[in-house]
Amino acid sequence: MKNILTVFLAIFALSSYAQTEIENEPYEWPYSMPIWGKKAAERGYKIQLPYGLNVNYVYNRMDLEISSFDMSIGDDPNSTLNQLISEYVTLENLNFNNTIARTSGMNIRGDIWLFPFLNVYGIYTNSTGTTEVSLQPRWFDEDGNLVISLPEITSIVDFSADSYGFGSTIVGKLYKDYFFSIDGNITWSYSELLEQPAVFTVLSARVGDRIRFKNGSMLALYVGGMYRGFVNQKGNNGNIAIQKALPNLGAELLPEIDRRVTANNEEIASLDPNNPVDRIQIAKLEKQNEILLGIETAVEGLLSSDVNYGIQKDIINHWSVQFGFNYEVNQNFTLRGEFGKGTGNDFVMMGMQYRFGI
């Protein structure tokens with residue numbers, strides 16, 4: 001057991017983001033946590049106070065990709081209206097261009113150093129955000145001919161969410177004041193728009209250096225990478241009013257459908273049904289009108305009802321470069337800041353940590 005303890009204490013640093021220093025003289029550790037804390041103090045390692053409370057402001061922006069989407073009205077998926085919806089309101093027809101999620105809120109994290117090198121924590125976040133969706137609906141007939149296409153429609157849906165989770169951080173010493181940390185957590189986010197929570201995981205690794213000041217404070221600067229992704233790959237179900245989610249859909253689509261049907265009928269009236277070439281064109285236009293009226297019925301039903309939907313989405317780019325700082329004012333107070341940037345995602349965190357012992 002002593003050999004194992006010696007190895008761990010030699011390899012791992014003993015405070016958040018490895019802000020650890022070795023004293024010249026052993027000292028007495030008055031707390032029961034972390035495990036092996038007393039032994040570490042006997043070897044001259046300075047240990048961070050075992051319990052911590054973090055309050056942070058967190059901002060996230062992520063570009064998302066929608067890989068599956070369906071919707072229905074009521075409890076009967078085989079109703080005539082739902083059959084029209086499943087035929088004409090599909091992922092391909094809606095033609096999503098961009099989906100951007102933005103969230104911001106306060107994050108509270110309670111943690112404990114279980115071992116001098118291993119921190120475990122629980123997270124609660126209350127956040128508000130928006131989902132910005134851009135789509136350019138279009139429909140084709142059986143021969144691949146374009147029946148109707150709309151200009152790009154952009155919609156922004158507001159939401160709020162409560163998130164709960166847990167995670168762990170391992171810290172270690174590299175050389176002199178250089179350190180590394182590896183962190184992972186998982187959270188469950190509950191929103192009024194979703195029937196099931198969105199499950200999200202974050203993995204990150206960082207390396208950095210410490211700067212010590214004469215007044216006893218310490219600044220740690222670090223850089224690293226972060227991976228973020230959804231865990232529930234089957235997607236989520238929810239309920240929403242389409243008028244709220246896509247307020248411009250009816251105003252854009254329904255008048256255009258009426259215009260196209262009228263134009264098709266006028267062209268049909270000008271053609272000779274006894275002419276073989278005209279008969280082919282008449283059949284084509286009548287088929288287009290059938291599609292257009294089916295789209296109109298489906299959309300009118302959606303616009304007048306709350307809609308059950310299923311959606312599967314993922315982050316387009318899971319990775320970002322992270323850089324940040326920890327400024328340890330004293331053994332009780334630490335100021336934190338971290339910033340992340342990747343293609344299609346941004347991350348900002350600013351906060352304060354209070355540590356104590358029992």
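V133 and I156 fall into different hydrophobic clusters, where Ile, Leu, Val, Met, Phe, Trp and Tyr residues are linked whenever their side-chain heavy atoms come under 4.5 Å apart, directly or through other members. Residues F180 and V321 fall within the same hydrophobic cluster, defined by Ile, Leu, Val, Met, Phe, Trp and Tyr side chains chained together at heavy-atom separations under 4.5 Å. Each of I316 and L91 belongs to its own hydrophobic cluster when Ile, Leu, Val, Met, Phe, Trp and Tyr are linked at side-chain heavy-atom distances under 4.5 angstrom. Transitive grouping of hydrophobic side chains (ILVMFWY, heavy atoms separated by less than 4.5 Å) brings V299 and V147 into a common cluster. There is no path of hydrophobic side-chain contacts, each under 4.5 Å, that joins V89 to L146.
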Going through the distances and angles, do F179 and Y222 end up as a side chain to side chain contact (heavy atoms under 4.5 Å, CB included)?
CA-CA 9 Å; F179 63 88; Y222 60 85; 4.2 Å; yes
Start with the C-alpha gap between K284 and D141, add the side-chain angles, then the distance that decides, and say whether salt bridge (Lys or Arg N to Asp or Glu O under 4.0 Å) holds.
CA-CA 9 Å; K284 176 183 175 181; D141 61 21; 5.7 Å; no
Evaluation steps, side chain to side chain donor-acceptor pair (under 3.5 Å), between S134 and T154:
CA-CA 4 Å; S134 296; T154 299; 3.2 Å; yes
Could you please spell out the steps behind the side chain to side chain donor-acceptor pair (under 3.5 Å) verdict for N60 and R102?
CA-CA 6 Å; N60 271 296; R102 296 180 177 88; over 6 Å; no
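Using a 4.5 Å heavy-atom cutoff, the side chains of W29 and I47 are in contact. Contact of the I100 side chain with the L64 side chain is not registered, since no non-hydrogen atoms from C-beta on lie closer than 4.5 Å. The side-chain heavy atoms of L253 and W139, taken from C-beta on, include a pair separated by under 4.5 Å. In this structure, F115 and I170 have side chains that are not in contact, with every pair of non-hydrogen atoms separated by 4.5 Å or more. Between V199 and I186, some side-chain heavy-atom pair lies under the 4.5 Å cut-off. Residues N308 and M71 fail the side-chain proximity criterion, which asks for heavy atoms closer than 4.5 Å. Annotation: side chain of W113 is not in contact with side chain of I35 (no heavy-atom distance under 4.5 Å). Looking at heavy atoms from C-beta onward, L335 lies out of side-chain contact with N326 at the 4.5 angstrom threshold.
The pair E338-R206 meets the salt-bridge criterion, since a charged nitrogen lies less than 4.0 angstrom from a carboxylate oxygen.
Judged purely by atom type and a 3.5 angstrom limit, H318 has no side-chain atom pairing as donor or acceptor with the backbone of Y227. A donor-acceptor pair is defined here as one N or O able to donate and one able to accept, closer than 3.5 Å; such a pair exists between the side chain of R355 and the backbone of L49. Under the 3.5 Å distance criterion, the side-chain polar atoms of S168 are matched with a main-chain donor or acceptor of N119. Side chain of N82 to backbone of I73: a donor-acceptor contact under 3.5 angstrom is found. For W319 (side chain) and G225 (main-chain N/O), no donor-acceptor pair under 3.5 Å exists by modelled atom type. In this structure a side-chain-to-backbone donor-acceptor pair under 3.5 Å is present from T201 to N185. The backbone N or O of M349 sits nowhere less than 3.5 Å from a side-chain atom of N56 that would complete a donor-acceptor pair. For the pair D143 (side chain) and N145 (backbone), a donor-acceptor distance under 3.5 Å is absent. Between the side chain of R43 and the backbone N or O of P26, no donor-acceptor pair lies under 3.5 Å. Not one N or O on the side chain of D278 forms a donor-acceptor pair closer than 3.5 Å with the backbone of N275.
Note that CE of M226 is 9.5 Å distant from CG of N345, once rounded to the nearest 0.5 Å. Residue N93 holds its CG atom at 7.0 Å from CD1 of I295, rounded to the nearest 0.5 Å. In this structure, L219 CG and F213 CZ are separated by 5.0 Å, a value rounded to the nearest 0.5 Å. Put simply, CG on D63 and CD1 on I315 are 10.0 Å apart, with the number rounded to the nearest 0.5 Å. Rounding to the nearest 0.5 Å gives a distance of 10.0 Å between OG1 of T334 and CE of M352. Remark: I66 CD1 to T99 OG1 distance equals 3.5 Å, nearest 0.5 Å.
When only modelled atom types and interatomic distance are considered, Y327 and S217 share a side-chain donor-acceptor pair under 3.5 Å. Using modelled atom types and a 3.5 Å distance limit, the side chains of N97 and E152 yield a donor-acceptor pair. A donor-acceptor contact under 3.5 angstrom links the side chains of Y121 and D183, judged on distance only.
K341 is linked by a salt bridge (charged side-chain N to carboxylate O under 4.0 Å, His left out) to D346, counting only residues two or more places apart in sequence or in another chain. Scored by the ring pair (Phe, Tyr, Trp, His ring centres under 6.0 Å) test, F325 finds no partners at all (sequence neighbours excluded). Listed by chain and residue number, nothing satisfies the salt bridge (charged side-chain N to carboxylate O under 4.0 Å, His left out) test with R138 (two or more places apart in sequence, or in another chain).
Heavy atoms of other residues, nucleotides or ligands lying less than 6.0 angstrom from OH of Y57 number more than 12. With a 6.0 Å radius and a threshold of 12 heavy atoms from other residues, nucleotides or ligands, E192 has its CD atom above the threshold.
When all heavy atoms of N54 and D111 are compared, the closest pair comes out as ND2-OD2, 3.2 Å. Here the shortest heavy-atom pairing between I85 and L302 reads CD1-CD2, 3.6 Å. Among all heavy-atom pairs drawn from I257 and L292, the shortest one is CG2-O, 3.7 Å. Taking both residues in full, the closest heavy atoms of L135 and L94 are given as CB-O, 3.3 Å, listed atom of the first, atom of the second, then distance. The two residues Q322 and F347 make their nearest non-hydrogen contact at NE2-CD2, 3.4 Å. Shortest non-hydrogen contact noted between S160 and S191 is O-OG, 3.4 Å.
Under the 6.0 Å distance and 45° angle rule, K313 counts as a cation-pi partner of F230.
When each of Y31, Y354, F356 is checked for a ring-ring contact (aromatic ring centres under 6.0 Å, His included) with Y51, only F356 meets the rule.
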Please output the side-chain donor-acceptor pairs of residues 262-273 that fall under 3.5 Å, not counting sequence neighbours, one pair per line with the distance.
from: T262; atom 1: OG1; to: D258; atom 2: O; distance (Å): 2.9
from: N264; atom 1: ND2; to: N289; atom 2: OD1; distance (Å): 2.9
from: N265; atom 1: OD1; to: N289; atom 2: ND2; distance (Å): 3.0
from: N265; atom 1: ND2; to: V261; atom 2: O; distance (Å): 3.4
from: E267; atom 1: OE2; to: Q281; atom 2: NE2; distance (Å): 3.1
from: S270; atom 1: OG; to: E267; atom 2: O; distance (Å): 2.6
from: D272; atom 1: OD1; to: N274; atom 2: N; distance (Å): 3.0

Donor-acceptor pairs are to be reported for all side-chain atoms of residues 124-131 against protein atoms at under 3.5 Å, with residues two or more places apart or in another chain.
from: Y124; atom 1: OH; to: D162; atom 2: OD1; distance (Å): 2.8
from: T125; atom 1: OG1; to: N107; atom 2: ND2; distance (Å): 3.2
from: N126; atom 1: ND2; to: D162; atom 2: OD1; distance (Å): 2.9

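Aromatic ring pairs are classed by plane angle as parallel below 30°, tilted from 30° to 60° and perpendicular above 60°; the pair F117 and W36 is tilted.
The ring-ring contact (aromatic ring centres under 6.0 Å, His included) analysis of residues 268-290, with sequence neighbours excluded, yields no pairs.
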